[in-house]
Student: 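Please see the structure below; I have some questions.
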There are 2 protein chains.
Amino acid sequence: MLTFTEENYLKALFQLSAEKGIDQVGTTELAQHLNLKPASINDMLKKLKEKNFVETERYSKITLTDEGKRRGAEIMRRNRIWETFLYDKLDFTWDEVQEVAEQLEHVSSKKLIDKLYDLLESPEFDPHGNPIPDLNGNLKVQFRKTLAEVETGQSCKMVAVKESSNSFLQCVMNLGLVLNNKITVVRRQEFDDLLDIEINGRIHTVSQKLAQNIYVLCLNCQKESTCIKHLCNLN
Amino acid sequence: MLTFTEENYLKALFQLSAEKGIDQVGTTELAQHLNLKPASINDMLKKLKEKNFVETERYSKITLTDEGKRRGAEIMRRNRIWETFLYDKLDFTWDEVQEVAEQLEHVSSKKLIDKLYDLLESPEFDPHGNPIPDLNGNLKVQFRKTLAEVETGQSCKMVAVKESSNSFLQCVMNLGLVLNNKITVVRRQEFDDLLDIEINGRIHTVSQKLAQNIYVLCLNCQKESTCIKHLCNLN
DNA sequence: AAATAATGTTAGATTAGCCTAACATAATTA
DNA sequence: TAATTATGTTAGGCTAATCTAACATTATTT
Ligand SMILES: [Mn+2]
Ligand SMILES: [Mn+2]
Ligand SMILES: [Mn+2]
Ligand SMILES: [Mn+2]
């Protein structure tokens with residue numbers, strides 16, 4: 001059995017690796033993600049290495065083993081399923097789900113998570129647009145870019161958010177933006193990098209920082225916009 | 001914020017007090033209930049006293065303070081709501097809910113528990129027939145007796161189970177007994193105290209021990225069989 | 001009332017998970 | 001290349017929650 005804390009570490013390692021597309025995570029990086037000090041990370045790494053969940057050598061980066069990946073993916077699956085449940089069935093808002101799902105993800109019961117997944121009708125994405133691994137560890141990956149990268153004049157569809165902080169999510173909600181909304185980049189201001197975007201016929205001005213945290217699919221390249229990626233065996 | 005462990009202690013104290021109908025719990029008794037050693041109980045009691053959740057003097061019994069009761073009742077409410085959710089919405093069986101609810105009860109989110117309660121349409125009893133405190137801390141109490149106390153020839157209705165062990169619950173399930181079933185005590189065997197009972201037209205023989213763990217309402221005294229009891233303010 | 005059993009307490013140890021402060025190595029910049 | 005900055009490690013300390021073993025008090029029998 002994994003402890004609550006070990007689960008958080010494995011999920012974090014899995015997420016950071018996935019985001020970067022490379023199986024190497026740094027001590028400081030992980031510490032920042034988990035709001036801990038690098039020294040604490042080292043203590044825990046000793047334990048995770050002991051248990052064969054990570055591989056790491058002195059002064060080099062951390063890599064998850066296959067078993068470590070499996071466990072990390074499992075927690076990620078639980079987290080996203082719970083978020084979906086809270087959002088779909090209990091009227092939680094976008095910015096409320098994270099905190100509660102962070103706790104619920106640690107409840108260990110295969111039956112529980114599988115039944116929830118059924119109840120939600122096998123969702124492919126969580127409320128933030130992040131993919132949920134299915135029962136075989138397969139993930140529906142979208143080839144998305146950030147709103148900041150969309151060319152002026154182009155239209156796109158919001159499919160996910162990057163940041164998960166409340167301040168960011170509330171900001172997006174205030175714009176009236178929800179997943180699958182169409183966004184058109186109308187204009188870019190040279191001087192301060194602000195973007196004028198059109199949502200539902202209205203023009204809003206947003207910062208570069210905000211645009212970098214919104215994932216979109218361009219409307220003209222949707223044929224090859226998703227693929228199935230096998231992460232690891234969840235059984 | 002209470003820790004996971006403190007919550008378990010307060011719930012246990014609250015339950016034991018309630019079952020006994022007296023606000024005094026012993027160290028050893030509590031240790032047994034929580035599967036711990038008496039020495040560990042003492043350590044934790046120091047902390048709970050510090051925080052004003054219990055009152056206790058050297059070599060005497062433990063009493064919950066009002067605030068301690070409130071917290072205990074809150075965890076009990078969460079536990080029973082989760083059990084009901086698992087049973088009603090996710091097809092868990094009688095004997096499966098306990099273990100998972102024991103974990104879920106520690107997720108702290110007022111909104112979560114209130115929304116679940118709505119989703120389940122304000123249930124008054126959990127799958128084991130135990131009452132769920134409502135939002136004001138009111139409980140629907142039934143004046144029940146055990147099946148062992150029912151006179152020969154009398155009929156009654158099963159409203160709850162006492163024990164929560166899997167072996168007991170499975171035993172009851174094997175008899176085809178579910179809550180609200182009518183049971184008639186047909187015969188008592190002098191020699192070994194076994195009872196013959198009739199359920200759905202079939203006769204079964206059951207032990208005294210089993211009968212002592214099944215709560216029933218007698219069919220002829222149903223007018224005054226329940227009352228509302230105010231436990232404590234849950235807000 | 002004395003002996004015995006039951007119950008409660010204390011001291012001292014252990015483990016998990018975190019910290020700070022000092023130090024070591026690696027990467028970047030001048 | 002030398003200095004500086006960033007990153008990673010270690011030693012030593014802290015708290016929460018548990019344990020065992022020894023001891024103290026209270027309750028129950030004889
Ligand atoms: Mn978590
Ligand atoms: Mn999410
Ligand atoms: Mn619990
Ligand atoms: Mn129950």
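Heavy-atom basis, side chains included; hydrogens, waters and symmetry copies ignored. Bear in mind that the values here come from a model prediction, so they are computed numbers and not experimental data. So you know, we letter chains A, B, ... as the sequences are listed, proteins then strands, and number each from 1.
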Student: So A:I41, base contact, sugar-phosphate only, or nothing? Heavy-atom distance under 4.0 Å.
Tutor: nothing

Student: Nearest heavy atom decides the nucleotide; on that basis, is B:E29 or A:L36 closer to the 5' end of DNA chain C?
Tutor: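 Closest to the 5' end, via its nearest nucleotide, is B:E29.
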
Student: Which nucleotide sits closest to the side chain of A:T27: D:dT9, D:dT20, C:dC18?
Tutor: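 Given the options D:dT9, D:dT20, C:dC18, the side chain of A:T27 is closest to D:dT9.
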
Student: Return the value, rounded to whole Å, for the distance between atom CZ of A:F4 and atom P of D:dA17.
Tutor: 14 Å

Student: Can A:E74 and A:R70 be said to form a side chain to side chain contact (heavy atoms under 4.5 Å, CB included), step by step?
Tutor: CA-CA 6 Å; A:E74 197 179 345; A:R70 226 208 74 232; 3.4 Å; yes

Student: Let's see if you can work this out: which of C:dC18, D:dA17, D:dT26 has an atom nearest to the side-chain heavy atoms of A:S40?
Tutor: C:dC18

Student: Can B:S165 and B:E163 be said to form a side-chain hydrogen bond (donor to acceptor under 3.5 Å, both in side chains), step by step?
Tutor: CA-CA 6 Å; B:S165 72; B:E163 264 260 333; 2.5 Å; yes

Student: Minimum heavy-atom separation for A:E151 to A:R188, with atom names?
Tutor: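 Answer, listing the atom of A:E151 first, then A:R188: C-NH1, 3.9 Å.
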
Student: When the distance from CE of A:M44 to C1' of D:dT10 is rounded to whole Å, what number comes out?
Tutor: 18 Å

Student: Which is true for B:T28 with a 4.0 Å heavy-atom rule: it touches a base, it touches only sugar-phosphate, or it touches nothing?
Tutor: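 The answer is sugar-phosphate, as B:T28 gets under 4.0 Å only of primed atoms, P, OP1 or OP2.
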
Student: Just N and O in the side chain of B:S60: are any of them under 4.0 Å from OP1 or OP2 of C:dG8?
Tutor: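 Indeed not, no polar side-chain atom of B:S60 lies that close.
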
Student: Tell me which nucleotide among C:dC19, D:dG8, D:dT26 gets nearest to the side chain of B:Y59.
Tutor: D:dT26

Student: Within the structure, does a side-chain N or O atom of B:R58 lie under 4.0 Å from either OP1 or OP2 of C:dT10?
Tutor: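 True: B:R58 side-chain N/O within range (under 4.0 Å) of C:dT10 OP1/OP2.
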
Student: Is any side-chain N or O of B:K47 closer than 4.0 Å to OP1 or OP2 of D:dA17?
Tutor: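 So the side chain of B:K47 is within the cut-off, an N or O lying under 4.0 Å from OP1 or OP2 of D:dA17.
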
Student: Measure from CD on B:E7 to C1' on D:dA16 and round the result to the nearest Å.
Tutor: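 One finds 15 Å between C1' of D:dA16 and CD of B:E7, rounded.
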
Student: If you look at every strand shown and take non-hydrogen atoms under 4.0 Å, does B:Y9 touch a base, only sugar-phosphate, or nothing?
Tutor: sugar-phosphate

Student: Judged by each residue's nearest nucleotide on DNA chain C, which is more toward the 5′ side, B:P38 or B:D43?
Tutor: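 Whichever sits nearer the 5' end wins; that is B:P38.
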
Student: Is the terminal nitrogen or CZ of A:K111 (NZ for Lys, CZ for Arg) located under 6.0 angstrom from the six-membered ring centre of B:F92 and within 45° of that ring's axis?
Tutor: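 That pair qualifies as a cation-pi contact.
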
Student: Ignoring hydrogens and geometry beyond distance, is the side chain of A:N42 in donor-acceptor contact with the base of C:dC18 at under 3.5 Å?
Tutor: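 Check fails, no donor-acceptor contact within cut-off.
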
Student: Are A:R77 and A:Y117 in a cation-pi setup, meaning NZ or CZ lies under 6.0 angstrom from the ring centre and within 45 degrees of the ring axis?
Tutor: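 Verdict for A:Y117: a cation-pi partner in A:R77.
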
Student: In whole angstrom, what separates B:L10's CG from D:dA17's C1'?
Tutor: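 My rounded result for the distance is 15 Å.
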
Student: Charged N to carboxylate O below 4.0 Å: is that the case for B:R80 and B:E124?
Tutor: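 No, no charged N to carboxylate O under 4.0 Å.
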
Student: Which is true for B:K61 with a 4.0 Å heavy-atom rule: it touches a base, it touches only sugar-phosphate, or it touches nothing?
Tutor: sugar-phosphate

Student: Closest approach to the side chain of A:A39, judged atom by atom: which nucleotide of C:dG17, C:dT20, D:dC19 is it?
Tutor: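 Of C:dG17, C:dT20, D:dC19, C:dT20 is nearest to the side chain of A:A39.
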
Student: Separation of A:K37 atom NZ from C:dC23 atom P, in whole Å?
Tutor: 20 Å

Student: In whole Å, I'd like the distance from the CG atom of A:L30 to the P atom of D:dG8.
Tutor: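 Rounded to the whole Å, the gap is 10 Å.
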
Student: Without decimals, in angstroms, what is the distance between A:Q24 CD and D:dG8 C1'?
Tutor: 15 Å

Student: Whole angstroms only, please: what is the CD-P distance between B:E50 and D:dA17?
Tutor: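 For the pair B:E50 CD and D:dA17 P, the rounded distance is 13 Å.
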
